[in-house]
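Some notes on the structure that comes next.
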Number of protein chains: 2
Amino acid sequence: MKNKNIDIYTIADKAGVSKSTVSRVLNNKEDVSARTRKKVLEVINELKYRPNSSAKGLASQRTKTVGLVVSEITNPFFSMFVKGAEDKAMEENYNIMLANSNWVVEEELKCIRMFEEGRVDGILMISGGGSDLLNNYLNNLANKDTPLIVVDRKLDNEEIPKVNVNNIAAAFKGTRYLIELGHEKIAFVRGDDVAASAASVDRVRGYREALQKFNIENEIIEPGFFDREEAYQATEKILSSHKDITAIFYASDMMAVGGLKALDKAGLKVPDDVSVLGFDDIELASIIEPALSTLKQPRYQMGYLGMEKLINKLEGKPKEAYAEDVIFELELIERESTRAIK
Amino acid sequence: MKNKNIDIYTIADKAGVSKSTVSRVLNNKEDVSARTRKKVLEVINELKYRPNSSAKGLASQRTKTVGLVVSEITNPFFSMFVKGAEDKAMEENYNIMLANSNWVVEEELKCIRMFEEGRVDGILMISGGGSDLLNNYLNNLANKDTPLIVVDRKLDNEEIPKVNVNNIAAAFKGTRYLIELGHEKIAFVRGDDVAASAASVDRVRGYREALQKFNIENEIIEPGFFDREEAYQATEKILSSHKDITAIFYASDMMAVGGLKALDKAGLKVPDDVSVLGFDDIELASIIEPALSTLKQPRYQMGYLGMEKLINKLEGKPKEAYAEDVIFELELIERESTRAIK
DNA sequence: TGAAATATCGGGAGCGTTCCCGATTGTAAA
DNA sequence: TTTACAATCGGGAACGCTCCCGATATTTCA
């Protein structure tokens with residue numbers, strides 16, 4: 001049934017050279033004459049030979065694949081991140097091993113452990129929960145020999161290169177924007193519970209700092225857990241206890257969409273009666289009616305850059321090529337859901 | 001720096017057994033006494049040993065990983081598919097190697113070739129283009145020894161198990177639904193060019209067949225290339241040449257969203273003036289205003305089932321467990337964008 | 001022309017497993 | 001007690017590659 005695999009020896013025989021030479025042309029080494037290289041290449045093509053990557057991995061101790069763990073591939077934030085990472089990996093001829101943690105720490109751990117079985121030269125991780133268990137594990141990993149790059153996640157290990165987003169500044173910028181538009185009653189619908197997401201905490205902080213800076217006393221914060229439905233309810237709650245609200249800042253576009261619905265149901269017009277500001281700039285933000293003003297996260301770039309750093313590290317590039325942390329500042333995108341107060 | 005890898009021998013020494021025995025407990029073989037198994041397990045835990053999967057792959061000729069190629073991970077249709085596939089793979093302790101083809105055939109080929117390098121036990125593919133080049137290649141693959149399962153793609157190779165969607169019936173159902181609502185002037189905005197997507201062709205066919213069945217002569221078909229912008233323009237075109245249109249059926253929800261915008265701009269109300277029917281049932285369909293009536297594709301199930309079949313095949317399960325093709329029938333979801341004609 | 005330097009190649013060991021076969025021990029039946 | 005058989009284990013070869021070292025062929029320069 002399964003005919004004998006053609007291996008490097010088969011090629012060597014047919015080309016009249018040794019396996020070493022075949023290996024050399026396979027890896028574009030210098031020590032081969034043009035003539036023999038050509039001949040070997042011909043045989044390779046003729047026999048449709050494909051090097052066995054397990055053997056290669058075993059012999060070279062490198063697999064040319066990296067592990068990618070995300071919380072929820074279905075979420076546009078993450079899928080765009082994956083695309084960026086994938087593009088860069090493809091460029092450099094690296095493979096990607098994908099793992100989806102579904103937001104649960106145990107699965108995240110399971111993914112990483114799988115990756116540790118030498119299948120993967122390094123790991124790129126994004127967001128996810130922030131349990132001590134996991135963080136400890138990650139710290140350990142870094143001290144061993146699996147290179148790791150972490151995106152959008154708080155970790156106080158200096159050894160682990162990070163690419164982050166300046167959530168504090170972004171939330172500050174968004175809030176200030178609303179204030180400069182003349183709003184004074186500004187609610188903030190935050191994301192997840194404190195422990196689970198550092199990003200969420202930082203955004204709350206940015207909101208607070210802006211209020212303080214501009215001497216606005218009345219802070220109104222309601223949890224929305226990065227969920228549309230929850231944000232809907234949060235909005236209703238805000239509306240009922242603060243009739244005079246004129247702007248709501250949501251920590252994600254998805255939540256803003258939920259908010260829009262609640263506002264509509266309450267008979268409030270956006271942006272005439274209340275301004276709505278989102279966060280993320282997912283595709284939906286420009287599709288929805290009214291189009292959402294929002295803080296744009298460079299999702300694709302985060303993936304691309306994260307992967308670039310990881311590969312640089314794997315390829316033994318100088319430290320500057322990966323070790324330095326990067327922090328993205330977010331751009332404010334003005335669309336139709338916000339306007340100056342009359 | 002990098003301390004010597006702990007391998008099966010290290011464990012064997014420390015546990016006072018041979019490497020074969022360690023291998024046996026690693027693979028849950030029978031021929032080990034409870035006592036030695038326990039001891040070996042202890043040592044493994046103590047040393048945090050992780051088997052090297054390259055070596056394992058080389059020796060066993062199996063990698064326990066499958067390749068997954070999708071056209072565009074960012075597209076909700078595909079990301080949900082990936083999630084389904086990923087879930088099943090995780091359940092069975094398989095790894096997933098992800099490749100994103102960006103809709104271009106050459107990249108699709110490149111992905112498959114990468115997978116051929118023994119990294120992967122089998123391949124799961126979805127949609128994508130339909131070039132002869134690729135189809136030939138796939139046929140070859142199947143005749144060789146890389147198991148392949150194909151989802152939502154036309155391929156006339158009986159050896160390749162397929163999971164498909166009954167696009168003809170679905171488009172027929174959608175069109176009939178519109179007709180039964182009293183519509184007679186029904187336009188269809190189709191997807192891609194004929195060559196590129198079999199699904200698109202089938203949907204056109206279903207639309208046509210329904211019109212014929214109910215003796216409606218005036219078929220109106222405009223290309224929208226599965227793109228929001230294109231669908232916007234297609235809609236404008238339809239509107240200008242067919243003032244009396246009362247319903248438009250889009251071959252994807254994304255296109256329907258583009259259509260909604262065009263309709264709005266033209267001052268037409270949905271569903272009062274014209275009914276809009278989508279296809280896919282992506283999340284957006286229920287978010288948008290008005291919520292889209294649509295044909296629901298079982299995206300998650302397609303991924304899950306495809307992966308299940310693939311793994312069944314890899315695990316040497318009996319033929320019934322994977323060889324039989326499956327065809328999903330689509331459910332019509334009624335929401336707000338369609339209504340009976342007055 | 002000869003020696004030294006260089007380009008080109010081959011062979012062997014090793015990467016960390018699995019798997020087969022045979023050895024050893026223990027146990028039950030005769 | 002002897003024999004047969006099962007349970008348990010160890011050793012060696014193989015998987016297909018890389019990498020180092022040394023051998024040979026070719027060129028270069030004095």
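Chain A is the first sequence line, chain B the second, and so forth, proteins listed ahead of strands; every chain is numbered from 1.
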Checklist line | Derivation of the side-chain contact (heavy atoms from CB on, under 4.5 Å) call for B:V66 and B:L124 | finding: CA-CA 7 Å; B:V66 303; B:L124 182 59; 5.7 Å; no
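- When all heavy atoms of B:F328 and B:V163 are compared, the pair lying nearest together is CE1-CG2, 4.1 Å.
- One N or O on the side chain of B:K162 and one on the backbone of B:I160 form a donor-acceptor pair closer than 3.5 Å.
- As a whole-Å value, the separation of A:I11 CD1 from C:dC9 C1' is 18 Å.
- Under the salt bridge (charged side-chain N to carboxylate O under 4.0 Å, His left out) criterion, A:K313 pairs with no residue, sequence neighbours left out.
- The structure places NZ of B:K83 at 11.5 Å from CG of A:L98, a figure rounded to the nearest 0.5 Å.
- Checked by atom type and distance alone, the side chain of A:N312 pairs as donor or acceptor with a backbone atom of A:A321 at under 3.5 Å.
- Among residues two or more places apart in sequence or in another chain, the salt bridge (charged side-chain N to carboxylate O under 4.0 Å, His left out) test is passed with B:K88 by B:E91, B:E92, B:E308.
- Judged by distance alone, the side chain of A:S60 and the main-chain N or O of A:K56 form a donor-acceptor pair under 3.5 Å.
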Could you list the protein-to-nucleotides 22-25 of chain C atom pairs, N/O on both sides, closer than 3.5 Å?
none

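- At distances below 3.5 Å, at least one donor-acceptor pair connects side-chain atoms of B:N52 with backbone N or O atoms of B:S54.
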Below 3.5 Å between N/O atoms, which protein atoms pair up with nucleotides 11-13 of chain C? Just atom names and distances, please.
from	atom 1	to	atom 2	distance (Å)
C:dG11	N7	A:S20	OG	3.0
C:dG11	O6	A:S20	OG	2.7
C:dG12	N7	A:K19	NZ	3.4
C:dG12	O6	A:K19	NZ	2.3

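- Here chain A contacts DNA chain D (any atom closer than 4.0 Å to a heavy atom, that is under 4.0 Å), and the contacts span D:dG16 to D:dC19 from 5' to 3'.
- At distances below 3.5 Å, at least one donor-acceptor pair connects side-chain atoms of A:T63 with backbone N or O atoms of A:R119.
- Taking for each of B:S60 and B:V17 the nucleotide of DNA chain D with the nearest heavy atom, the 5'-most of the two is the partner of B:V17.
- Rounded to an integer number of Å, the gap from B:I8 CD1 to C:dC19 C1' is 12 Å.
- Near-neighbour residues of DNA chain C inside residues 27-47 of chain B, defined by a heavy atom below 4.0 Å, number-ordered: B:N27, B:K29.
- Put simply, CD on B:Q61 is 18 Å from P on C:dG16, counting in whole angstrom units.
- Atom CG in B:D7 sits roughly 14 Å away from atom P in C:dG14 (whole-Å rounding).
- Distance OH/A:Y49 to CD1/A:I8: 5.0 Å, rounded to 0.5 Å.
- Nearest heavy atoms, B:I126 versus B:R153: O-NH2, 4.4 Å.
- Put simply, the side chain of A:D121 gets close to the backbone of A:K64: a donor and an acceptor are under 3.5 Å apart.
- One atom, CG of B:L58, and another, P of C:dG16, lie 12 Å apart when rounded to the nearest Å.
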